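All figures in this text were calculated on a predicted structure; none of them were measured in a lab. Whatever order the structure lists them in is the order used to number ligands and atoms, beginning at 1.
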Amino acid sequence: RHKFWETQPVGQFKDIGNPALPEGPIEPPTALSEVKQEPYNLPNLYEWVTCDIHDEQMCDEIYTLLANNYVEDDENMFRFNYSKEFLRWALQPPGYFTSWHIGVRVKTSKKMVAFITGVPARIRVRDEVVSMAEINFLCVHKKLRTKRLAPVMIKEVTRRVHLENIWQAAYTAGVILPTPVATCQYWHRSLNPKKLIDVGFSRLGARMTMSRTIKLYKLPESTVTPGFRKMEIHDVPAVTRLIRNYLSHFIVAPDFDENDVEHWLLPRENVVDSYLVESPETHEVTDFCSFYTLPSSILGNANYSNLKAAYSFYNVSTATPLLQLMNDALIVAKQKDFDVFNALDVMQNETFLKELKFGPGDGKLHYYLYNYRVRQALKSSELGLVLL
Ligand code: MYA
Ligand code: JJ1
């Protein structure tokens with residue numbers, strides 16, 4: 001049934017529940033000299049291109065490919081519209097490899113028609129920290145679908161990851177593949193309910209009017225937690241300690257150091273927002289919350305073309321109740337004119353979703369590891385990892 005995935009070192013459906021299979025790498029690393037030195041063959045009309053994301057024109061081409069061909073919801077009403085600044089951020093974390101940013105062009109016209117990326121990350125699975133690639137932005141132009149281009153893209157990124165002596169990967173997808181480490185539910189908190197209903201993102205509830213709905217989702221004008229403020233560069237050491245300690249409680253989580261925290265969590269306008277609570281008495285950093293900006297194009301609506309969505313990223317509470325911290329996150333997202341605040345049911349998010357009036361979406365997100373078996377699928381609350 002999965003002609004490609006059956007050939008890959010991933011957990012297979014037939015092996016689910018087999019106690020004889022050990023947790024950990026499925027196949028051992030090979031000598032670097034045994035890694036294929038030449039790129040995989042593409043169909044003759046196409047060529048590989050390594051994408052220099054600093055190149056403004058290259059960045060434009062990638063942006064346009066994704067804006068027109070990347071992930072849509074199941075009814076094709078919305079399509080992710082990652083911004084160029086976001087893509088530059090997502091693709092250049094500490095230690096990134098340009099060779100892992102891979103495009104495919106039509107030889108004659110040079111048009112970019114496919115893309116896949118990896119970035120390096122240290123990911124802990126139980127008590128092992130594993131060097132991995134995080135694979136994202138796999139995209140094949142709509143006109144070239146179902147021609148088995150995706151398996152070639154995946155094999156090529158795998159080869160280039162192997163050349164850096166890295167043998168495992170983590171990725172997420174909306175589709176079921178062999179075999180999820182965990183399956184998460186998307187939840188949505190309306191900030192601008194009128195627009196969400198107008199564009200078909202949500203519906204007026206039973207026995208609800210528009211004005212009752214607007215009132216239901218109203219939020220305070222300003223945040224309530226004393227000492228709640230934007231994260232700054234000098235906070236990196238304290239935030240790193242806070243996050244490392246928090247993430248140690250989950251079965252799968254990134255192993256962030258200060259460089260990672262500076263890259264992934266220091267605020268960047270229209271890309272990532274981070275807030276913390278600095279105790280007014282002790283000046284200790286006790287709590288942290290963050291979200292990233294990922295708008296979606298609205299397909300075929302006469303009045304609106306863009307949906308401004310915030311996605312919950314990493315949140316840590318030690319002194320402020322998580323519920324109150326996340327309510328403050330909703331308030332700042334509303335101040336910044338987001339239409340909706342999205343979250344997965346990972347980490348301790350289930351403890352605030354219902355109370356803060358998030359509702360379950362129609363989308364699920366499956367998490368996967370490449371060449372690393374976990375004995376049993378995890379609960380979403382056992383995941384401490386959020387990919388972009
Ligand atoms: S998830 C986001 C994926 N992108 C989209 O959904 C955008 C819109 N869709 C498209 O662009 C295309 O439909 C894509 C498939 C490109 C997705 N992950 O070429 P095909 C398998 C993995 O004929 P197309 C993200 O970015 C499918 O089961 N495999 O199909 C993370 C079938 O294999 P099999 C997928 O529709 C990506 C084969 O591809 C996915 O034209 C992680 C069919 O190929 C998917 N999302 O193109 C990638 N969708 O027959 C894996 C379909 O066996 C990384 N397929 O069922 C693995 C780790 C690599 C590094 C390892 C290092 C050590
Ligand atoms: O955004 C999503 N669904 C929305 C819109 C649905 C439109 C019709 N299909 C949704 N809205 C309901 C909101 C409502 C607000 C008030 C309270 C009740 C709920 O459910 C979904 C997630 O739910 N998103 C997608 O389907 C996009 C794709 C998700 C898979 C992503 C794969 C990512 C690739 C990783 O690299």
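Counting heavy atoms only, R148 comes closest to atom 33 (O) of ligand 1 of the residues E156, R148, K3. Of the listed options G205, G363, S202, S202 places a heavy atom closest to atom 14 (C) of ligand 2. Nearest-residue assignment for atom 6 (O) of ligand 1 (options L387, V71, L177; heavy-atom criterion): V71.
For atom 37 (C) of ligand 1, the closest non-hydrogen atom of the protein is L138 CB, 3.8 Å. Nearest non-hydrogen protein atom to atom 8 (C) of ligand 2 is E75 OE1, 2.7 Å. The protein heavy atom nearest to atom 35 (C) of ligand 2 is T172 OG1, 3.1 Å. Among protein heavy atoms, atom 11 (N) of ligand 2 sits closest to F201 O, 2.8 Å. Summary of contacts: the protein heavy atom closest to atom 36 (O) of ligand 2 is N136 OD1, 2.9 Å. Nearest non-hydrogen protein atom to atom 33 (C) of ligand 2 is L365 CD1, 3.8 Å. For atom 31 (C) of ligand 2, the nearest non-hydrogen atom of the protein is Y186 OH, 3.7 Å. Of all protein heavy atoms, the one lying nearest to atom 18 (C) of ligand 2 is G359 CA, 3.6 Å. Among all non-hydrogen protein atoms, the one lying nearest atom 28 (C) of ligand 2 is V71 CG1, 3.5 Å. The protein heavy-atom contact nearest to atom 57 (C) of ligand 1 is Y171 CE2, 3.6 Å.
Using a 4.0 Å cut-off to heavy atoms of N136, the atoms of ligand 1 that qualify are 26 (O). Each of the atoms 63 (C) of ligand 1 lies under 4.0 Å from some heavy atom of Q168. Proximity to P151 (heavy-atom distance under 4.0 Å) selects the following atoms of ligand 1: 19 (O), 38 (C), 44 (O). Near M77, with a cut-off below 4.0 Å to any heavy atom, the atoms of ligand 2 are 8 (C).
Residue F78 places a heavy atom less than 4.0 Å from ligand 2. In this structure, L387 has no heavy atom closer than 4.0 Å to ligand 2. The closest approach between any non-hydrogen atom of P360 and ligand 2 is below 4.0 Å. The shell of residues lying under 4.0 angstrom from ligand 1, judged by heavy atoms, includes T146. For A133, the heavy-atom gap to ligand 1 stays at 4.0 angstrom or more. Residue contacts with ligand 2 do not include Y367, since none of its heavy atoms lies under 4.0 Å from the ligand.
Between W167 and ligand 1, no N or O atom pair is found at a separation short of 3.5 Å. Taking only nitrogen or oxygen atoms, main chain and side chain alike, D73 reaches within less than 3.5 Å of ligand 2. Distances between N or O atoms of H188 and those of ligand 2 include at least one value under 3.5 Å. Where the criterion is an N or O separation shorter than 3.5 Å, residue side chain and backbone included, D362 meets it with respect to ligand 2. The N/O atoms of W5, backbone and side chain alike, include one that comes under 3.5 Å of an N/O atom in ligand 1. Checked against a 3.5 angstrom limit, the closest N/O atoms of L144 and ligand 1 fall outside it. Below 3.5 Å of separation, one finds an N or O of V140 facing an N or O of ligand 1. Distances between N or O atoms of I154 and those of ligand 1 include no value under 3.5 Å. Looking at G174 next to ligand 2, no N or O pair under 3.5 Å apart turns up. At least one N or O atom of F4 sits closer than 3.5 Å to an N or O atom of ligand 1. The shortest N or O to N or O distance between E72 and ligand 2 is not under 3.5 Å. Close N/O approach between D74 and ligand 2 is found [any backbone or side-chain N/O within under 3.5 Å]. Between T172 and ligand 1, not a single N/O pair is under 3.5 Å apart.
With salt bridges taken as basic N to acidic carboxylate O contacts below 4.0 Å, none links E61 and K111. Looking at E38 and K36, a side-chain N of the basic residue comes within less than 4.0 Å of a carboxylate O on the acidic one, giving a salt bridge. At a threshold of 4.0 Å, the pair E221-K334 does not count as salt-bridged, since none of the basic side-chain nitrogens sits closer than that to a carboxylate oxygen. One finds no salt bridge joining R88 and E85 here, because no Lys/Arg side-chain nitrogen approaches an Asp/Glu carboxylate oxygen to under 4.0 Å. Using a cutoff of 4.0 Å between basic side-chain nitrogens and carboxylate oxygens, D339 and K195 are scored as salt-bridged. E47 has a carboxylate O that lies under 4.0 Å from a charged side-chain N of K110, or vice versa, which qualifies the two as a salt bridge. Ion pair R244/D255 flagged as a salt bridge, since at least one NZ, NE, NH1 or NH2 atom sits closer than 4.0 Å to an Asp/Glu carboxylate oxygen. Taking the charged nitrogens against the carboxylate oxygens, R241 and D235 have no contact shorter than 4.0 Å, which rules out a salt bridge.
The protein reaches atom 3 (C) of ligand 1 closely, with a heavy atom under 4.0 angstrom from it. Protein heavy atoms are absent from the 4.0 Å sphere centred on atom 52 (C) of ligand 1. Counting protein heavy atoms under 4.0 angstrom from atom 12 (C) of ligand 1 gives one or more.
Proximity of V161 to ligand 1, defined as any heavy-atom pair under 4.0 Å, is confined to the side chain (atoms from C-beta onward). Using a 4.0 Å cut-off between heavy atoms, K147 contacts ligand 1 through its backbone alone, with no side-chain atom that close. Residue Q8 does not touch ligand 1, judged by heavy-atom distances below 4.0 Å. Residue-level proximity to ligand 1 for A150 is carried by backbone and side chain together, each with a heavy atom below 4.0 angstrom. Heavy atoms of Y70 found under 4.0 angstrom from ligand 1 belong to the backbone as well as the side chain. By the criterion of a heavy-atom distance under 4.0 Å, neither the backbone nor the side chain of I116 is placed next to ligand 1. No part of W187 comes within 4.0 Å of ligand 2, judged by heavy-atom distances.
F313 has its ring centre less than 6.0 Å from the ring centre of Y292.
In this structure, S131 contributes its side chain and I166 its backbone to no donor-acceptor pair below 3.5 Å. Not a single donor-acceptor pair under 3.5 Å links the side chain of Q168 to the backbone N or O of M132. Without hydrogens or angle criteria, R160 side chain to S99 main chain gives a donor-acceptor distance under 3.5 Å.
Other residues, nucleotides and ligands contribute over 12 non-hydrogen atoms within 6.0 Å of the CZ atom of R145.
The one candidate from W5, Y368, F13 that meets the side chain to side chain contact (heavy atoms under 4.5 Å, CB included) condition with T179 is F13. Just one of W264, Y246, F250, F256 meets the ring-ring contact (aromatic ring centres under 6.0 Å, His included) condition when paired with Y314; it is F256. The side chain to side chain contact (heavy atoms under 4.5 Å, CB included) test with D287 is passed by exactly one of L276, V277, L242: V277.
In this structure, CD in E278 is found 10.0 Å from CD in E284, a value given to the nearest 0.5 Å.
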